Amino acid sequence: MKEAKRYTITAALPYANGPLHLGHIAGCYLPADIYVRYLKGKGEDVAFICGSDEHGAAITLRAKKENTTPQHIVDTNHEIIKNAFHDFGIQFDIYHRTSSKLHHETASQFFKDLNDKGSFIQETSEQFYDQEHEQFLADRYVTGTCPKCSSEGAYGDQCEKCGSSLNATDLINPKSTLSGKTPVLKETSHWYLPMNKHEEWLKEWIETGKLNGVQQHDPNEWRKQVIGQCKSWIDNGLQPRSITRDLDWGVQVPVEGGEGKVLYVWFDAPIGYISATKQWAADNNKNWEDYWKNDKTELIHFIGKDNIVFHGIIFPIILKEQGDYILPTNVPANEFLNLEGDKISTSRNWAVWLHEYLEDFSGRQDELRYVLTSIAPETKDSEFTWKDYQARVNNELVAILGNFINRSVVLTHKYYNGIVPEPGQLNEVDQTALTIIETTKSKIDKSLSEFKFRDAQVQAMDIARLGNKYLADLEPWKLIKTDEERVKTIMNIALQISNALSFVFDPFLPKTCNKLRSILNNNSLELKAGHQINAAELLFQKIEDEAIDAQIEKLKATTVKQSNPKAKPMKDEITFDDFTKIDIRTATILTAEKHPDADKLLKLTVDTGIDVRTVVSGIAEHYNPEDIIGKQVSILMNLAPRKIRGIESKGMILMAENNEGELSFVSPEKAMANGGEIR
RNA sequence: GGCGAGGUAGCUCAGUUGGUUAGAGCGCCGGAUUCAUAACCCGGAGGUCAGGAGUUCAAAUCUCCUUCUCGCUACCA
C-alpha cells in the first residue's frame, strides 16, 4: 500500500434540482465530513471536495414548467444546499458548481484530450426529434406511459412512479414535452465510452487492487457491496456507454459535430470534482495536480450505493484513460436509509429534509449528526425513526455525555471555584482510567481509518461511560467529607476525561466539542492543574415528546387522509377531449400461452368484436394461461403496436394493481358483447 | 430470470482466518445512590444466529437447497 502524503476526499455532487434529505446526509456527506475532520485532526493534508451538479434535462424541463431559466433554478438550489451543508457543519474545503466557467473549461478539455487519444467511439442512433421545435429530445423531454408500471407521465430516462430506469424509445405513446406532439425518430450521432475495452484491467484492479502489477489498494478494505456490484457488472460484460446528449444546457461537446450536444452526467459530474479542486487550489495557493496526479495522494469517493458503478467503474476508466490521474483508493459507499418503516421517497414527500430539520431543531445539528452516525447504513439498509432519535439524544447524548461533563464541571466549581485541582499520587483505578482512554483513542483512530464510523462513535461514547463509572465508583461527594486530598486527584482525572472527550468527539460533534472546550477554557490535549475553567453549561437539552410527535405528525400529514397511504398521487387533469382519444373496449381472450422468451409475459389472442388480434401482456406471474381462456377483459385498442420481446403486441390489457403488485383483470360484471366501448 | 448484498435479543447493530457459556447500546425488570438534566452506577431476564441438509472433533462463520428483504440488470402489464 502506498504511504499517503495527502488526501483528496470527494462527496457525491448533489443534483441542484431539489433539497437534501436525511438519506443523503447519512449515506454520504456526514461520513465524509467525519472522515475529513479525523484526517485534519491528525494534521493531514486534505482537500474536501463537493459541489452542485447543475446540468441535465430535468433542470431545463423544470425551468420551462416554472417559466424561468435553468440558471435561476440552479442558483436557487445551489444556495439552499450550500447553506444547509454549512449550517449542518459539513465543512467542505470548497463547494463548487458545475455551471461555473472553470468547470466548463475543464470538462471540455478533458473531453478533447480523450477524443484526440481515440478513447471514444462515435455511433449513430435513432432518437426522438420534435419537428415543431426542430430539436432532438433528451430522454427527459419525452413523456409517455411507463412500460413497466403503465402510469402516465413517465420520463424517457426514468419513471418516477415506479422508479425504473428507461429508454425514451420504450415509452408507450411518447409525447414531446416541448410541443406536446408525438415526436419522430431521427438519426443522431453520439460519443460513447467503450467500457468493454477496459474489462481486463478493471477486473484485476477491483479484485486484487493492482494496476499494471502495482498494488494500489487493499481490496479487503473495500466494502463487500462495492466490490460485489462492480464485479457483477464486469462479469456480465461491459457495454459502450453514451457520454453525450442532444441538449443545450450543459458543457458543449467541444469537437466537430458537437453542435447542440452536451456532455452527459456520467462524464460531466465527476469531472466536477476536478474542476472544484482547481478552484480551491487557485484560491488557496495550492497545486491542484498534487491532489489528482500524484501517486502519493489517496483519492476517496464518498457516495451512496446508487453511485457504485459510476465511481467504481466508469470514472476510473475515464481517469485511467486520460493517463496522468490516480484511481480511487477506496469508494466507501453506504446503503440506504429508510424512514419510519418505509423507503424515503421525494415524490411522495416521505422524507425529512435537512433544511427543515435545521429550522425545527435550531442549534441541534450535532444531535442529528450523532443519531445518523449511530444508525449509518454502512453494511446494510438501516432505519431512522423519530422515537429512536429522541431516545438516542436523551439516553446517550444527554444522560451519558452531557451529564458526565456537567457533573464534573459542577463539582469542580463547588469544591475548587472552577480551578483544576492538583492531583496527588495516582492509584491503580486512576491509572487504569487514563490507560483506557489512551487505548480507546487508538481504537477510535483505527475504526475511523477503516471507515467504521458507527463503531468509532460508540467507542468515543464509551469514554463518557467510563467517566460516569469512575465518579460513581469513587464517590467524591462522599469522600470530600473525609479525604479532601484524594478528591483533588479524582476531580483532576474526571476533568482529564472531560478534556479527552472534547477531542475524541470532535469529528462527530464539532459544535458540541467547541462548546465543551470553551467550558473547559482549554484547547489543548493537556489540561493543567491550576487552570481556571468556565461556568457549567448543559451540552444538550432533552427532546420532549411534543417535538417528536409534531415531526411524526408532519411526516404523516400528507398520507393520513388517504384510505390507502401508498396509492399514487392523482395525475395531471385532462379534458374530456383527451379522454375520448382513448379507445377501451370489452374483449374476450381466445388463446393464451407463455411467451417463449420471457418469464413474465403471456401471448394472448383476443376477440375485440371488430377483429382478432395478438396482445402481449406481462401477467404470467399472476395468471396461468389455461385459466384465462374465455375470460372477458378490458383492452386499450388504439395503442400504437409495439414489438415486445420479438412479438408484435397490438393494444394493452388493462389490469388493476394493489400495493403488493398483484394484478387483476378489469372485467365487466356481467357478460357484454365484445367491442363494447368502455367510457 | 441473472447477478450482488443482507436476514443475529423487543429496537439499532457488532461478531476477525470455523474453537469454551453468541456480544454491545437502547428498551424492560430489580437493586443501589444523590455530585448530576428523575440523570449516573450495579445486577437480571430475553436469542433453535431466517429454515433445512451437509462437511468437521467443533459451524452464526464453510458448501448446497428453500425462503424473505434491498439493490443492479433483463422481456414487462
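What you see is a predicted model, and the numbers here were worked out from it, not measured in a lab. Computed over heavy atoms, backbone and side chain alike; hydrogens, waters and symmetry mates excluded. Each chain gets a letter, A, B and so on, in the order its sequence line appears, and its residues count up from 1.
Nucleotides B/U69 and B/G27, compared at atom C1', are 25 Å apart to the nearest Å. Spacing of C1' atoms, B/G23 relative to B/G15, comes out at 7 Å, to the nearest Å. Between B/G18 and B/A74, the two P atoms lie 38 Å apart (nearest whole Å). For B/U48 and B/A5, the P atoms lie 28 Å apart once the distance is rounded to whole Å. Across the C1' atoms, B/G51 and B/G6 are found 16 Å apart, a figure rounded to whole Å. One C1' atom belongs to B/U61, the other to B/U73, and the distance between them is 30 Å to the nearest Å.
The nucleotide whose nearest atom lies closest to any side-chain atom of A/K305 is, among B/U73, B/C70, B/C13, B/C70.
B/U73 atom P lies 11 Å from atom CG of A/D306, rounded to whole Å.
Among the atoms of the strands shown, none is found under 4.0 Å from any heavy atom of A/T385. Residue A/K343 is in sugar-phosphate contact alone, with no base atom involved, counting any heavy-atom pair closer than 4.0 Å across all strands shown.
Residues A/Q390 and A/D545 bring a donor and an acceptor atom of their side chains to less than 3.5 Å of each other. Residues A/D366 and A/T512 bring a donor and an acceptor atom of their side chains to less than 3.5 Å of each other. Residues A/T379 and A/E335 bring no donor and acceptor atom of their side chains to less than 3.5 Å of each other.
Remark: B/C40 base-pairs with no nucleotide; criterion is Watson-Crick or G-U wobble with both hydrogen-bond distances under 3.5 Å.
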**Prompt:** How does protein contact run along nucleotides 32-45 of chain B, one letter per nucleotide 5' to 3', with B for base contact, S for sugar-phosphate only, - for none, heavy atoms under 4.0 Å?
**Reply:** --SBBB-SSSS---
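Two residues, A/V458 and A/D381, neighbour RNA chain B, and the one matched to the more 5' nucleotide by heavy-atom proximity is A/V458.
Between A/E484 and A/K488 no salt bridge is recorded (no basic side-chain N to carboxylate O distance below 4.0 Å).
Residue pairs satisfying the ring-ring contact (aromatic ring centres under 6.0 Å, His included) criterion with at least one member in residues 393-417 of chain A, sequence neighbours excluded, are absent.
Remark: A/R392 engages A/D388, A/E396 in a salt bridge (Lys or Arg N to Asp or Glu O under 4.0 Å) (not counting sequence neighbours).
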